[in-house]
Amino acid sequence: MSKFIPSQKISTKLSLLNTYHNSILNEYRENFERLEFKDFTEEQNNFIHREGRGYPIGYDSYAVANPRVEGVSGWHIAPLFAEDNIYYSNAAHLPKLCTVLQQIGMTTVCAINVLDPGQSLDWHIDKDYIPGVPLLRIMWGMDCGDQKSLIQLQNDDGSIEERRFHNGKFYIFRPETKHRVENLGNKSRSVVCIDYIADTKYRRESIL
């Protein structure tokens with residue numbers, strides 16, 4: 001049984017991202033150099049090697065992280081929403097994308113995640129924000145370049161399921177599932193990454 005979850009099982013509103021994909025993509029490309037990206041390459045690789053899980057990124061760790069340096073490859077994030085609060089430094093340059101995300105209603109934690117060519121994050125898990133409360137990771141292909149970037153999940157029997165990132169495709173899974181990503185292409189891969197708390201008791205309202 002696949003550990004990738006179909007988007008229709010989460011919310012039909014997610015399809016709005018594909019409805020407006022062209023305008024969202026053009027907006028992103030036109031404003032890329034204006035966005036605030038932080039570089040977590042070293043932090044992720046060291047923490048994964050030491051702990052076997054992803055580096056926890058919060059307000060404090062983001063504030064002290066190094067900015068992305070043009071021409072230096074790595075793993076970078078540009079926040080859009082945190083705890084339902086809009087991150088204006090980036091949202092001001094991406095009003096179309098942020099409006100769609102607000103219409104969908106998934107704004108607890110949302111960021112743009114970029115993985116540059118030749119970069120990878122080794123096998124790891126990511127912990128739920130609230131112990132015992134299921135978390136879903138929703139990754140949406142916004143600008144996936146030459147489609148040679150991949151994500152792999154490890155099934156319970158040890159087998160590996162692999163998918164390539166494509167524009168307009170969803171990759172949804174429980175982040176406590178062991179997973180890895182790698183960019184085998186020549187272009188950066190940009191996805192919108194939403195961490196969604198599935199239990200309605202811990203959200204302001206149900207969006208299903």
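Please read these numbers as outputs of a predicted model, since none were measured by experiment.
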Could you tell me whether the side chain of [X] and the main chain of [Y] form a donor-acceptor pair under 3.5 Å?
X: Asp39; Y: Asn66; value: no
X: Asn90; Y: Leu35; value: no
X: Thr41; Y: Trp75; value: yes
X: Arg68; Y: Glu36; value: no
X: Glu161; Y: Leu153; value: no
X: Lys178; Y: Ile125; value: no
X: Glu176; Y: Lys127; value: no
X: Ser120; Y: Asp122; value: no

Taking the side chain as every heavy atom from C-beta outward, state whether [X] and [Y] have any atom pair closer than 4.5 Å.
X: Ile86; Y: Gln102; answer: yes
X: Leu121; Y: Arg180; answer: no
X: Val181; Y: Leu115; answer: yes
X: Leu17; Y: Ile104; answer: yes
X: Glu27; Y: Leu97; answer: yes
X: Arg137; Y: Ile194; answer: no
X: Trp140; Y: Ser7; answer: no
X: Asp156; Y: Lys3; answer: yes

inquiry  = By the definition side-chain hydrogen bond (donor to acceptor under 3.5 Å, both in side chains), identify the one residue from Asn183, Asp146, Asn113 that meets it with Arg189.
reply    =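 The residue from Asn183, Asp146, Asn113 that satisfies side-chain hydrogen bond (donor to acceptor under 3.5 Å, both in side chains) with Arg189 turns out to be Asn113.
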Any chain of hydrophobic side-chain contacts (each under 4.5 Å) joining [X] to [Y]?
X: Leu101; Y: Leu136; value: yes
X: Ile77; Y: Val109; value: no
X: Phe170; Y: Ile10; value: yes
X: Met106; Y: Leu94; value: yes
X: Leu16; Y: Ile138; value: yes

Return the [atom1] to [atom2] distance between [X] and [Y], rounded to the nearest 0.5 Å.
X: Ser2; Y: Asn155; atom1: OG; atom2: CG; value: 7.0 Å
X: His21; Y: Tyr28; atom1: NE2; atom2: OH; value: 11.0 Å
X: Gln154; Y: Ser159; atom1: CD; atom2: OG; value: 8.0 Å
X: Met139; Y: Cys193; atom1: CE; atom2: SG; value: 5.0 Å
X: Ser23; Y: Lys96; atom1: OG; atom2: NZ; value: 5.0 Å
X: Thr99; Y: Ile24; atom1: OG1; atom2: CD1; value: 9.5 Å

Centre-to-centre under 6.0 Å for [X] and [Y], is that the case here?
X: Phe32; Y: Phe37; result: yes
X: His179; Y: Phe173; result: yes
X: Tyr171; Y: Phe165; result: yes

Does [atom1] in [X] sit with more than 12 non-hydrogen atoms of other residues, nucleotides or ligands closer than 6.0 Å?
X: Gln103; atom1: CD; result: yes
X: Lys187; atom1: NZ; result: no
X: Glu70; atom1: CD; result: no
X: Asp60; atom1: CG; result: no
X: Tyr87; atom1: OH; result: yes
X: Tyr59; atom1: OH; result: yes

key: Working for side-chain contact (heavy atoms from CB on, under 4.5 Å), residues Tyr196 and Ser11   = CA-CA 11 Å; Tyr196 170 61; Ser11 173; over 6 Å; no
ask   = His166 and Cys144: side-chain contact (heavy atoms from CB on, under 4.5 Å), yes or no, with the steps?
value = CA-CA 6 Å; His166 294 262; Cys144 296; 5.7 Å; no
task = Dump the intermediate steps for side-chain contact (heavy atoms from CB on, under 4.5 Å) on Met142 and Val191, then the final yes or no.
result = CA-CA 5 Å; Met142 181 171 60; Val191 298; 5.9 Å; no
Heavy-atom pair with the smallest gap, counting every atom of [X] and [Y]:
X: Ile48; Y: Gly54; result: CG1-CA, 4.2 Å
X: His93; Y: Pro95; result: C-CD, 3.3 Å
X: Pro117; Y: Gly185; result: CB-O, 3.3 Å

message = Assess the residue pair Glu162 and Arg164 against the criterion (salt bridge (Lys or Arg N to Asp or Glu O under 4.0 Å)); give the C-alpha distance rounded to whole Å, side-chain angles, the decisive distance to 0.1 Å, and a yes or no.
response = CA-CA 7 Å; Glu162 176 180 305; Arg164 298 291 176 115; 3.4 Å; yes
query = So Phe4 and Arg163, side-chain contact (heavy atoms from CB on, under 4.5 Å) or not? Walk me through it.
reply = CA-CA 10 Å; Phe4 286 104; Arg163 293 190 182 181; 3.4 Å; yes
ask   = Do Asn31 and Arg34 have side-chain atoms, one donor and one acceptor, less than 3.5 Å apart?
value = yes
ask   = Between the side chains of Glu42 and Tyr55, does any donor sit under 3.5 Å from an acceptor?
value = no
ask   = Which of these passes side chain to side chain contact (heavy atoms under 4.5 Å, CB included) with Ser190: Asn167, Val114, Leu25?
value =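 In the set Asn167, Val114, Leu25, the residue that makes a side chain to side chain contact (heavy atoms under 4.5 Å, CB included) with Ser190 is Val114.
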ask   = Do Arg53 and Asp126 meet the salt-bridge criterion of a basic N to acidic O distance under 4.0 Å?
value =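 Salt bridge absent between Asp126 and Arg53.
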